[in-house]
Amino acid sequence: MTTPRLLVLGTGGTIAGAGSKATGAAYRPGDLALAELIAAAAALDLGAELIGQDIARIGSQDIGFAEWRALHAACTAALADPAISGVIITHGTDTAEETGFLLDLTLPTTKPVVLVGAMRPADAVGADGMRNFANTVKVASDPAAAGRGVMLVMGDAVLAASDARKAATSSIDAFRSFPRAALARVTPARLDWFGPAHRMGEGARYPFPSALPRVAILTAGAGMDARPVEALLGIGAKGIVLAGMGQGNAPKVVIAALAKAAAAGVPVVRSSRVDEGLVDRNVEVDDDALGFIAARALGPAKARILLMVLIACGITAPDAVQAAFDRA
Ligand code: ASP
């Protein structure tokens, strides 16, 4: 069997983080060069050839359109290169779900594209980054990893990027998967897929946008008034994602202001500030009458990504936007 050749795209994050003390809390994300991470991995003899390419060296809280465009271009080139078997993206965990989902929406599923991060900096006692990285090499090297969409490896689990979300601020088991469970368990020694590749042969669902429109997330809180909605429209929001209470609820005055926005052609997606669960149409809010879209399984961060992509593609009619959320 030939040795798989994997492209490793580095963006920074805690997996490339370093602190001043192995037992301290403070650290700098993206402090370590990708080449150092790859050299350390090479010493583990992981059975793959690793080719590094720096995209950025930042905390993922600062990631945005320029890095996403560079990642998409590098992935597209790698998918077209017969010498590359898969792509690994080292990434901060704060926004891994956003980058992963954006790439999932805009890349074909022909080869594995796998994000990996860490919750502890590389020089911390009990660092998780190198284990996660070794696990990711195992996943990206496996021909059976193709046809599953973009994935995220954290905490010995392989999650679909469309389902993954960060649910804890600091534990190494920080990610959850909803509505589907993990796709596989992985350790440096074993990889067990829980089912067949379910997206084999899928092309990119959407073209990668040439620019991203301003889409804001508005978090609902008890007793709030409508002025934040007016402020968002005032700064030119092209779409609004409500991180609502429960099944995407908000005070009546907020719902009324959002209905006005929807009537003016600004798509309004109702998601939930609750950690997990579906937001369905017409439960306590009359979406049909008010022109809203229900986010279904997508939390606010991923709902914003999908809405940005849809608006960039000129898809703004509530029915068409709802169909895209139903499919996600
Ligand atoms: N703030 C860091 C980042 O997202 C956290 C991490 O990587 O775990 O880059």
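Both counts, for ligands and for their atoms, begin at 1 and track the order of listing. In this chain, numbering begins with 1 at the start of the sequence shown.
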Run the salt bridge (charged side-chain N to carboxylate O under 4.0 Å, His left out) check on Arg57 and Asp31 step by step: do they pass?
CA-CA 7 Å; Arg57 274 174 70 176; Asp31 207 46; 5.4 Å; no
Quick one: does Lys111's side chain have a donor or acceptor within less than 3.5 Å of a partner on Ile84's backbone?
yes
Can you tell me how far the CG atom of Asp163 sits from the CZ atom of Arg176, to the nearest 0.5 Å?
14.0 Å
Smallest heavy-atom separation, Leu34 atom then Leu9 atom, equals CD2-C, 4.4 Å
Tabulate distances under 3.5 Å between N/O atoms of ligand 1 and N/O atoms of the protein, writing both atom names on each line.
residue: ligand 1; atom: 1 (N); partner: Gln61; partner atom: OE1; Å: 2.9
residue: ligand 1; atom: 1 (N); partner: Asp94; partner atom: OD2; Å: 2.7
residue: ligand 1; atom: 4 (O); partner: Ser60; partner atom: OG; Å: 2.5
residue: ligand 1; atom: 4 (O); partner: Thr93; partner atom: N; Å: 3.3
residue: ligand 1; atom: 4 (O); partner: Asp94; partner atom: N; Å: 3.0
residue: ligand 1; atom: 7 (O); partner: Thr14; partner atom: N; Å: 2.9
residue: ligand 1; atom: 7 (O); partner: Thr14; partner atom: OG1; Å: 2.8
residue: ligand 1; atom: 7 (O); partner: Thr93; partner atom: N; Å: 2.9
residue: ligand 1; atom: 8 (O); partner: Thr14; partner atom: OG1; Å: 3.0
residue: ligand 1; atom: 8 (O); partner: Thr93; partner atom: OG1; Å: 2.5
residue: ligand 1; atom: 8 (O); partner: Ala118; partner atom: O; Å: 3.0
residue: ligand 1; atom: 9 (O); partner: Ser60; partner atom: N; Å: 2.7

Could you check whether Lys166 pairs with Glu97 (Lys NZ or Arg NE/NH1/NH2 to Asp/Glu carboxylate O, under 4.0 Å)?
no
Under a 4.5 Å cut-off applied to non-hydrogen side-chain atoms, are Thr99 and Leu115 in contact?
yes
